[in-house]
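Have a look at the structure below, then the notes.
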There are 2 protein chains.
Amino acid sequence: MKYSLIDLQKRLLPDLVSVMQKRFSILQFIGLMEPVGRRNLSVSLGVTERVLRSEVTFLKDQNLISVSSLGMSLTTEGKDLLESLESVMREITGIDKMEEQLQNILGVEKVIIVSGNTDVSPWVKSELGRACAMRMNQSLQGENIIAVTGGSTMAAVAEMLTPEVSKDFVFVPARGGIGEDVQNQANTICAKMAERTHSKHRVLYVPDQVSSETYQTIMKEPHIKEVLSLIKSASMVLHGIGDAITMAERRKTSREDLYKIQQADAVGEAFGYYFNESGEVVHKVHTIGLQLDDLEHAEHVIAVAGGSSKGKAIRAYMKQAPKNTVLITDEGAALQLLKG
Amino acid sequence: MKYSLIDLQKRLLPDLVSVMQKRFSILQFIGLMEPVGRRNLSVSLGVTERVLRSEVTFLKDQNLISVSSLGMSLTTEGKDLLESLESVMREITGIDKMEEQLQNILGVEKVIIVSGNTDVSPWVKSELGRACAMRMNQSLQGENIIAVTGGSTMAAVAEMLTPEVSKDFVFVPARGGIGEDVQNQANTICAKMAERTHSKHRVLYVPDQVSSETYQTIMKEPHIKEVLSLIKSASMVLHGIGDAITMAERRKTSREDLYKIQQADAVGEAFGYYFNESGEVVHKVHTIGLQLDDLEHAEHVIAVAGGSSKGKAIRAYMKQAPKNTVLITDEGAALQLLKG
DNA sequence: CTAAGTGGGACATAATAAGTCCATTAGGGA
DNA sequence: TCCCTAATGGACTTATTATGTCCCACTTAG
């Protein structure tokens, strides 16, 4: 894999872009409003006057702006620089801008975008995983219960976890009996995550379709009851988002359910819930564990999904998603979301 | 004029390159010596252990290196990054490296290189001027007497001065009677510099070739005496470096002097002194004002000259140049200097 | 078993950034 | 002409961050 200059720099100096962005927008505003005073400018930019002042002295030393008793203006040099910057910044901060835009559009806590498109470049899935692991590392400290769903994306997240993240985790499958191949089952993924972080996990095996009677019996099982209470008290929920039809087909969905899903124009799926384009729940896999309403009570909710083909699914689910959700996605999906 | 990405970044975040360089070399060393411990590494890199430690924790957080009880090693990611970095850094820090090398080779206080080649791109001369103005800004505060020579390069410096540099300057021509066209005469340039910085200047008009008798008379002139004493007490000397033959031809040099200069294989010229490739003075324009020996007593000496055609001249003069000289040149000349 | 190497914890201190308040001044409108 | 507003820049305090310093526990090679 080949890194671009800016990627290298981001890695070696992570707040390069944010600093550049800050100074760039100061120049931009001055260019727009010149001559302009500090107070005036600081409110426009939403920074305190003091930090603006520091920036201003810096820019003055760099000979990019000149100050007079009328206010600040760009120097000829500053104008030239700004001109070159305009095009460069669009490129550099494209992703950052997209994150911001999506945060606003989707109305969630945070959107994290990794560059690339999972549909085109499979390795981007690992990048999603890494971004998720990083986020977990940032948000969590000490003991935590983490509820996890299945899917290949979640499997990628598991692969990117390291013991450094923490050791006091308990991973639990978010819901029982969502039949997939073993490798991508929630139970398997929980085990993998626990292994990679040197922490613990629980399993939850329940038959998919059961009679009401059997259901009651199962629910009385102490082991099951414990896992269920763990799920309800999870401080973090980690889940993927899938394309409705793909998911339905992958699972052993009954013919009538499949028909129902198709008729209702379901496009998205997350932890067993199917959503149409308006974000309404049109079908729900009947099983125990985490329910949609429970999400709001979790401190952290991270949704991970990438690839332009998942754009619709993500948009659909996001209409229902609780505000405390953090969406981790890729450029491919992000562009789809913005197109909408 | 079009700025490149890295130029923009340097301007918006001046210590970007130095930070990148530092972290890059840490990665480089670890890659070379892994596994290696902190103490060991810190002496190799010549940084204190504590700052290395801060860097290490940073690199660890970035997942570029891994630490164990054996020491530090690169992660796979770190290796990938390093590989990409090797080529990028060569490019980015090429000029910085050249500056360092030339400082050592020439044995002067500082070498500042601007990118480009004055011979090819005329606008680079303005860049030289800007670099000089910046340097002046950095080194000088309060009241200063500045002795200046003539030449088109010095004229370019004058063009780039701004009132921000300071207002308490007195510009004086370094030497009298070095005949050139009016535009590039020391007197004209001093006037221009004074005008652009809102400060003062003096003029010094003396005939080129005079009899000993006339000379004595002139020297008694109070106005001349004052200017001469200003020159001797200048805290900064600003001068260009020229190609010997070109300069000799441009001046109204007598036939015998021209012959003398050519016979002595003079290649370089600065403030009326002609130097051969060994740096020996082979001819000297007889006039009053700044003498070569006076340079050592000036606090700051800035020599400005660019263009690959001036490489030889610069090298010749630099053999004589006082140690407190700051050389401002361009890539074209710098490459010539390094070739030698 | 020892000794030399390792990382990392803990704390003091220096350097830097940011918050806060105010003095001074230039320019524009009445 | 004069005053009022908005401007910068100085000065001080406080918070945050980087660095210097010392030491301890641990691993591993010999």
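Letters A, B, ... mirror the listed sequences (proteins, then strands); counts begin at 1.
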Problem - Protein-nucleotide distance (B:Leu41, atom CG; C:dG5, atom P), rounded to Å - result: 15 Å
Handout entry: Distance in angstrom units between A:Asp15 CG and D:dA18 P, rounded
Key = 10 Å
Practice task
Have a look at A:Val47 and say if it touches a base, only the backbone sugar-phosphate, or nothing, with a 4.0 Å heavy-atom cut-off.
Solution key: nothing
Exercise for the section: Please tell me which of the listed nucleotides, C:dA18, C:dG7, C:dG27, lies nearest to the side chain of A:Ser69? Expected result: C:dG27
Problem - Short side-chain donor-acceptor distance under 3.5 Å, B:Asp7 and B:Ser4 - result: yes
Fill in the blank from the handout: Closest non-hydrogen atoms of B:Cys132 and B:Ile328, given as atom of the first, atom of the second and distance, are CA-CD1, 3.4 Å
Completion exercise
To the nearest angstrom, the CZ-P distance between B:Arg53 and C:dC11 comes to 13 Å
Completion exercise
Among D:dT21, D:dA29, C:dG27, the one nearest any side-chain atom of B:Arg50 is D:dT21
Handout entry: Flag, side chain of A:Ser25 to backbone of A:Gln28, donor-acceptor distance under 3.5 Å
Key = no
Problem - Atom pair distance, as rounded to whole Å: CZ in B:Arg39 and P in D:dC26 - result: 16 Å
Handout entry: Touch class at under 4.0 angstrom, heavy-atom based, for A:Thr57 against every strand present
Key = nothing
Practice task
Provide, to the nearest angstrom, the distance between the CE atom belonging to B:Met72 and the C1' atom belonging to C:dG8.
Solution key: 12 Å
Practice task
Consider the side chain of A:Ser54, meaning its heavy atoms from C-beta on, and name the nucleotide among D:dA29, C:dG27, C:dA18 that approaches it most closely.
Solution key: C:dA18
Exercise for the section: Please determine if a side-chain N or O atom of B:Lys60 lies less than 4.0 Å away from the OP1 or OP2 oxygen of C:dG7. Expected result: no
Practice task
Considering just the side-chain nitrogens and oxygens of A:Thr48, establish if one lies under 4.0 Å of OP1 or OP2 belonging to C:dA18.
Solution key: no
Handout entry: Protein-nucleotide distance (A:Leu70, atom CG; C:dT24, atom C1'), rounded to Å
Key = 16 Å
Exercise for the section: May I ask you to decide whether B:Glu100 forms a salt bridge with B:Lys97, counting only side-chain N to carboxylate O separations under 4.0 Å? Expected result: no
Handout entry: Phosphate-side-chain proximity, B:Asn40 and C:dT6, N/O vs OP1/OP2 below 4.0 Å
Key = yes
Practice task
Give the rounded distance in Å between these two atoms: CG of B:Leu52 and C1' of D:dG20.
Solution key: 14 Å
Problem - Base C:dG5 to side chain B:Arg38, donor-acceptor N/O within 3.5 Å cut-off - result: no
Fill in the blank from the handout: Applying side-chain contact (heavy atoms from CB on, under 4.5 Å) to A:Glu299 and not counting sequence neighbours gives A:Ser235
Exercise for the section: Grab the CD-P distance between B:Glu49 and D:dC23 for me, whole Å please. Expected result: 14 Å
